[in-house]
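Below is one structure, written out as structure tokens; comments come after it.
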Amino acid sequence: MSAVESGVQLALDTELGALAMDARVCVPLRRAHELAVWVGEGRDLTPSGVLAVSAAADAIQTLGYRPPVAEPDLDLRQETLFAAPVDDGRDLARRCPELMRAWSLALAVGFLRRDGRRVLPGRQLAAWPDGDDAQAVAVWRAAYDALTSLRLETGEITVEFAHALPAVPALLAADDPTPLSRLREGLAYQLANVCDDDGRWRRYGEAVGTAVARLAEFGAVTVEGATVHLTPLGRRATAS
């Protein structure tokens, strides 16, 4: 390998190492991994495919999740993509948003897998977070893709949020950094034929803020004042 090729490879390795370092400190991934480690060799599931009541209660207590809500927190003024399943007493897990966020992410990235009425360790569990740098970045990318394609259980997902979450990274990719107000304007322009009343305009504006917060939680963006920036992980994700 020539000196130039060695220099290029070193730069690429250094960049990958920095991305992997950021990926490994992603808080949602750490929480998902923590839940998967707690699952151990396996746990029982309800007929709807979430942790059985006794297992969910143990996870909530052991991992320090906030206590389950008494009822799904629904805002009936907003259209929703789906409503929470009816709770017949067997789906305690579904009433604990923190548990469900970690649960759905652990399944999405391969920390866990379902096998009939059991949940078992997934293929990615043993290698995280101490696998090689490329694998760490790949697991983060799987988490990002699951988030932006709305495959994670995040509570009630409104139509407005469903539009905003995938749109924000695309808008940032075209103009990074971008003031939060411009992101709202960009989404409004895309949805000009959808927003037909002031209430919906307001909800779309709020949804952009929520989407930015969720992307920041995953390490895809940072917010400085009123300006939103893509992180190196976010730039990599939006460029490919």
Side-chain angles (χ1 to χ4, degrees), residues 15 18-19 21-32 66 69 72-84 97-98 100-102 104-105 108 137 140-240:
E15 179 186 11
L19 291 170
M21 185 179 300
D22 291 342
R24 291 185 177 107
V25 298
C26 172
V27 172
L29 273 175
R30 291 172 66 182
R31 293 293 272 170
R66 293 187 182 91
V69 295
D73 183 15
L74 300 180
D75 182 352
L76 299 180
R77 295 170 300 172
Q78 298 189 19
E79 297 178 53
T80 59
L81 296 182
F82 54 84
E98 286 185 325
M100 289 309 298
R101 283 194 288 269
S104 62
L105 183 56
V137 174
W140 181 89
R141 178 58 190 265
Y144 172 87
D145 288 344
L147 173 68
T148 54
S149 61
L150 304 171
R151 289 187 284 114
L152 300 184
E153 297 206 27
T154 57
E156 184 188 46
I157 298 181
T158 65
V159 171
E160 292 85 2
F161 180 77
H163 280 128
L165 186 57
V168 167
L171 291 167
L172 281 169
D175 187 14
D176 177 39
T178 303
L180 186 58
S181 59
R182 192 179 301 165
L183 289 175
R184 292 192 176 106
E185 291 169 0
L187 182 63
Y189 179 79
Q190 291 182 7
L191 301 173
N193 294 327
V194 176
C195 295
D196 53 4
D197 63 77
D198 290 341
R200 172 154 281 189
W201 278 115
R202 176 182 55 78
R203 294 198 298 271
Y204 272 114
E206 293 170 353
V208 169
T210 303
V212 167
R214 190 58 51 81
L215 289 162
E217 181 185 24
F218 274 71
V221 304
T222 59
V223 182
E224 297 179 7
T227 301
V228 184
H229 303 249
L230 286 170
T231 65
L233 280 170
R235 284 194 293 273
R236 186 183 180 97
T238 56
S240 59

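Note that the structure is predicted; figures quoted are calculated from it, not measured.
To the nearest 0.5 Å, atom CD of residue Glu185 and atom CG of residue Leu171 are 11.0 Å apart. In this structure, the separation between CZ on Arg24 and CG on Leu29 is 11.5 Å, given to the nearest 0.5 Å. With rounding to the nearest 0.5 Å, the separation of CG in Asp176 from CG in Leu230 is 4.0 Å. Note that CZ of Arg182 is 8.5 Å distant from OG1 of Thr227, once rounded to the nearest 0.5 Å. Leu147 contributes atom CG, which lies 7.5 Å from atom CG of Leu150 (distance to the nearest 0.5 angstrom). Between Leu152 atom CG and Phe218 atom CZ the span is 5.5 Å, to the nearest 0.5 Å.
For the residue pair His163 and Tyr204, the shortest heavy atom distance occurs at ND1-OH, 2.8 Å. Summarising the geometry of Trp140 relative to Gly234, their closest heavy-atom pair is CH2-N, 4.3 Å, with the distance given to 0.1 Å. Among all heavy-atom pairs drawn from Ala167 and Leu187, the shortest one is CB-CD1, 3.8 Å. Of all heavy-atom pairs between Leu233 and Ala23, the closest is CD1-N, 3.7 Å. Between His229 and Glu224, the shortest heavy-atom contact is NE2-OE1, 3.6 Å.
No donor-acceptor pair under 3.5 Å is formed between the side chain of Arg31 and the backbone N or O of Ala102. In this structure a side-chain-to-backbone donor-acceptor pair under 3.5 Å is present from Thr231 to Gly219.
Within 6.0 Å of atom CZ in Arg236, 12 or fewer heavy atoms from other residues, nucleotides or ligands are found, so the atom counts as exposed in its surroundings.
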Take Leu172 and Thr238 through the side chain to side chain contact (heavy atoms under 4.5 Å, CB included) test and state the conclusion after the steps.
-> CA-CA 9 Å; Leu172 281 169; Thr238 56; over 6 Å; no

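Partners of Ala211 by side chain to side chain contact (heavy atoms under 4.5 Å, CB included), not counting sequence neighbours, listed by chain and number: Phe161, Ala164, Leu165, Val168.
A salt bridge links Arg214 to Glu217: one of the charged nitrogens lies within less than 4.0 Å of a carboxylate oxygen.
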